[in-house]
Amino acid sequence: MHRYVLGAVLALGTLAGYAADTPREASEPSEAPTEEQPPSTREPDRENEPAPREPARVSLEDATAIVRQAYGGRVVSSSRATARPAAARPKQPGYRVRVDIEGRVKTVFVDDRGRIHENPEF
């Protein structure tokens with residue numbers, strides 16, 4: 001019996017908390033509407049704009065860890081580099097990582113966002 005009473009009290013308390021959080025509409029208009037400013041003099045509404053996204057920058061250690069996880073070999077060398085990931089794309093900054101996979105050395109490019117490109121043009 002006590003469990004049911006406790007459950008009912010908690011449910012009603014939760015519902016009362018939600019009801020207190022909802023905004024209430026005014027039954028009467030509070031003030032006369034203000035005049036609309038011309039578009040050229042209004043300030044842009046910057047509160048609703050999303051913040052500009054900074055590209056994710058991986059470090060040299062992160063790049064080597066990404067390659068080690070993807071290929072499972074031993075990283076021979078890694079350095080900061082600028083490369084063209086594909087023939088039709090512009091050069092972009094990133095890391096040149098050389099990894100030894102079962103006796104063969106493979107060179108890959110890890111861009112600043114952490115994506116691996118296998119056939120870059122350095």
Side-chain angles (χ1 to χ4, degrees):
M1 176 73 175
H2 293 287
R3 278 190 202 159
Y4 298 114
V5 172
L6 182 61
V9 168
L10 287 175
L12 288 175
T14 303
L15 290 175
Y18 285 128
D21 288 342
T22 59
R24 295 187 180 155
E25 295 182 24
S27 58
E28 298 177 15
S30 58
E31 293 181 15
T34 58
E35 289 185 23
E36 189 76 26
Q37 294 179 352
S40 61
T41 60
R42 277 192 303 183
E43 266 188 54
D45 185 19
R46 299 203 185 266
E47 292 177 9
N48 294 332
E49 289 182 9
R53 294 178 76 189
E54 292 292 324
R57 305 262 185 216
V58 298
S59 66
L60 184 62
E61 292 81 18
D62 293 338
T64 57
I66 290 168
V67 171
R68 193 176 301 119
Q69 183 179 11
Y71 294 101
R74 182 178 68 91
V75 173
V76 175
S77 68
S78 59
S79 63
R80 187 87 176 134
T82 303
R84 185 175 318 224
R89 296 182 61 190
K91 284 193 171 188
Q92 61 186 47
Y95 302 97
R96 178 180 183 221
V97 181
R98 295 174 52 98
V99 61
D100 180 7
I101 307 167
E102 298 177 3
R104 300 199 68 165
V105 177
K106 182 176 185 82
T107 302
V108 296
F109 177 71
V110 179
D111 63 11
D112 274 348
R113 294 183 179 181
R115 295 178 294 202
I116 297 174
H117 302 278
E118 292 189 349
N119 298 318
E121 294 177 17
F122 289 100

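Hydrogens, waters and symmetry mates play no part in the numbers below; they use all other heavy atoms, side chains included.
Atom-to-atom distance recorded for Arg84:CZ and His117:NE2 is 13.0 Å, nearest 0.5 angstrom. Here the CD atom belonging to Glu61 is positioned 10.0 Å from the CZ atom belonging to Arg68, to the nearest 0.5 angstrom. Atoms CG and OH, from Asp62 and Tyr95 in turn, are 8.0 Å apart once rounded to the nearest 0.5 Å. Atom OG1 of Thr82 and atom CG of Asp111 lie 12.0 Å apart (nearest 0.5 Å).
Residue Val58 comes nearest to Arg113 through the heavy atom pair CG1-C, 4.1 Å, listed as atom of the first residue, atom of the second, then distance. Considering every non-hydrogen atom in both Pro85 and Pro90, the closest pair reads CD-O, 3.8 Å. Between Ser79 and Leu60, the shortest heavy-atom distance links the atoms N-CD1, 4.0 Å.
In terms of hydrophobic clustering, with Ile, Leu, Val, Met, Phe, Trp and Tyr side chains grouped at heavy-atom distances under 4.5 Å, Val76 and Val99 are assigned to different clusters. Tracing side-chain contacts under 4.5 Å through hydrophobic residues (I, L, V, M, F, W, Y), one never reaches Val105 starting from Val75; they form parts of separate clusters. Linking ILVMFWY residues whenever their side-chain heavy atoms come closer than 4.5 Å, directly or via other members, places Ile101 and Val67 in the same cluster.
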Let's go through Ile116 and Tyr71 carefully: what are the C-alpha distance in whole Å and the side-chain angles of both, what is the deciding distance for side-chain contact (heavy atoms from CB on, under 4.5 Å) to 0.1 Å, and is it a yes or a no? CA-CA 11 Å; Ile116 297 174; Tyr71 294 101; 3.8 Å; yes

Between Asp112 and Gln92, does a side-chain contact (heavy atoms from CB on, under 4.5 Å) hold up when you go through it step by step? CA-CA 8 Å; Asp112 274 348; Gln92 61 186 47; over 6 Å; no

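A donor-acceptor contact shorter than 3.5 Å links the side chain of Arg80 to the backbone of Gly94.
At least one cation-pi condition fails for Arg96 and Phe109: the charged atom is not both under 6.0 angstrom from the six-membered ring centre and inside a 45 degree cone around its axis.
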